[in-house]
Amino acid sequence: MNVKPYKSFKGIFNIIFPDGSRKIATKNFAPGNKVYGEDLITVKNIEYRLWEPSRSKLAAAIVKGLKTVPIVPGSKVLYLGAASGTTPSHVSDIIGEKGMVFCVEFSARSTRDLVFLCEKRSNMLPILDDARYPANYHFLVDTVDVVYCDVAQPDQAKIIADNAKTFLKKGGHVLLAIKARSIDSSKKPSVIYKQQMTVLEDEGFEILEAIDLHPLEKDHAMILGKS
Ligand SMILES: C[S@@+](CC[C@H](N)C(=O)[O-])C[C@H]1O[C@@H](n2cnc3c(N)ncnc32)[C@H](O)[C@@H]1O
């Protein structure tokens, strides 16, 4: 087994298997612990977690060609819609001990799992709250480099914009995972993606990239914007 950086992305790796196949991975911030049943691979005494693109929209966007990943070692990230922590745990791996991921989730059931995960990861903070009301958790969250949003709500572009206004540094990035069917199942996904980008532009963001996640995630896209 061999390990190489994945493109020029800091904190993201390619594991190269003896048969020549490759899978993306992150360095496990909590060695010995799995989060969602992913494989752990040790190469030269460093443990990596395979990052499954079929389970994580951020991984799907990366393997589908996202050119810039604004989440790097040391980043502070506000993560909206953290669920039980699948993708946030890989964010935690990437940002490492100098970074912090503030994980907002409004389902008590998912947050319970998230709390157990955060106990093993000192760079993750669980916040049980509704992402529509950033003022509720204002006292818990610093200024961040990136706001990531995966809440599958009709007003998700507004939700990310309101959080960015409150917490994002000037020149920071937003990553918005769009689930077209959560917004309007009667319209073509491509129409919904354009509408959501227009909302972000109207809120003052520059759209840098839009990645259709099909077939890894049907009717989903990832939008990268800059404030
Ligand atoms: C698709 S799941 C997120 C999966 C997660 N991002 C990952 O990749 O591991 C969407 C999550 O957003 C949460 N959610 C939806 N609306 C929300 C809101 N207004 N505030 C906080 N969480 C919300 C849901 O409870 C659900 O857990």
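In this text, all values refer to a predicted model and were calculated from it rather than measured experimentally. Order of listing sets the numbers, starting from 1, for every ligand and every atom in it.
Neither the backbone nor the side chain of K179 comes within 4.0 Å of ligand 1, counting heavy atoms alone. Residue A152 does not touch ligand 1, judged by heavy-atom distances below 4.0 Å. Contacts between D129 and ligand 1 below 4.0 angstrom, taking non-hydrogen atoms only, involve the backbone exclusively.
S75 pairs with exactly one of I94, D145, V91 by the side chain to side chain contact (heavy atoms under 4.5 Å, CB included) rule, that one being D145. Residue I12 is tested with V69, I71, L58 for a side chain to side chain contact (heavy atoms under 4.5 Å, CB included); the sole match is V69.
You'll find the ring centres of H138 and Y133 outside the 6.0 Å limit. Remark: aromatic rings of F13 and Y6 are distant, center separation not under 6.0 Å.
Per-residue contacts place T87 under 4.0 angstrom from the following atoms of ligand 1 (heavy atoms of the residue considered): 7 (C), 8 (O), 9 (O). Which parts of ligand 1 touch A83 is read off a 4.0 Å heavy-atom cut-off, strictly below it: atoms 3 (C), 4 (C), 27 (O). Counting atoms of ligand 1 from 1 in the listed order, those under 4.0 Å from a heavy atom of T86 are 9 (O). Near K57, with a cut-off below 4.0 Å to any heavy atom, the atoms of ligand 1 are 1 (C).
To the nearest 0.5 Å, atom OG of residue S92 and atom CE of residue M124 are 5.5 Å apart.
Partners of A83 under the side chain to side chain contact (heavy atoms under 4.5 Å, CB included) rule, at least two apart in sequence or in another chain, are E105.
Here atom 23 (C) of ligand 1 lies nearest to F106 when heavy atoms of Y79, F106, Y133 are compared.
If you check which protein heavy atom lies closest to atom 16 (N) of ligand 1, you get Q153 NE2, 2.8 Å. For atom 20 (N) of ligand 1, the nearest protein heavy atom (residue, atom name, distance) is A131 N, 2.8 Å. Regarding atom 3 (C) of ligand 1, its nearest protein heavy-atom neighbour is G81 O, 3.2 Å. Nearest non-hydrogen protein atom to atom 19 (N) of ligand 1 is D130 OD1, 2.8 Å. The protein heavy-atom contact nearest to atom 15 (C) of ligand 1 is V151 O, 3.1 Å. With hydrogens left out, the protein atom closest to atom 26 (C) of ligand 1 is E105 OE1, 3.6 Å, a heavy atom.
Checked against a 3.5 angstrom limit, the closest N/O atoms of D150 and ligand 1 fall inside it.
Both I223 and V151 are assigned to one and the same hydrophobic cluster, defined by single-linkage of ILVMFWY side chains at heavy-atom distances under 4.5 Å. L175 and Y193 end up in different hydrophobic clusters when Ile, Leu, Val, Met, Phe, Trp and Tyr side chains are linked at under 4.5 Å.
Checked by atom type and distance alone, the side chain of D150 never pairs as donor or acceptor with a backbone atom of L80 at under 3.5 Å. Between the side chain of D219 and the main chain of A180, no donor-acceptor pair closer than 3.5 Å is present.
Contact between P88 and ligand 1 is present, with at least one heavy atom of the residue lying under 4.0 Å from the ligand.
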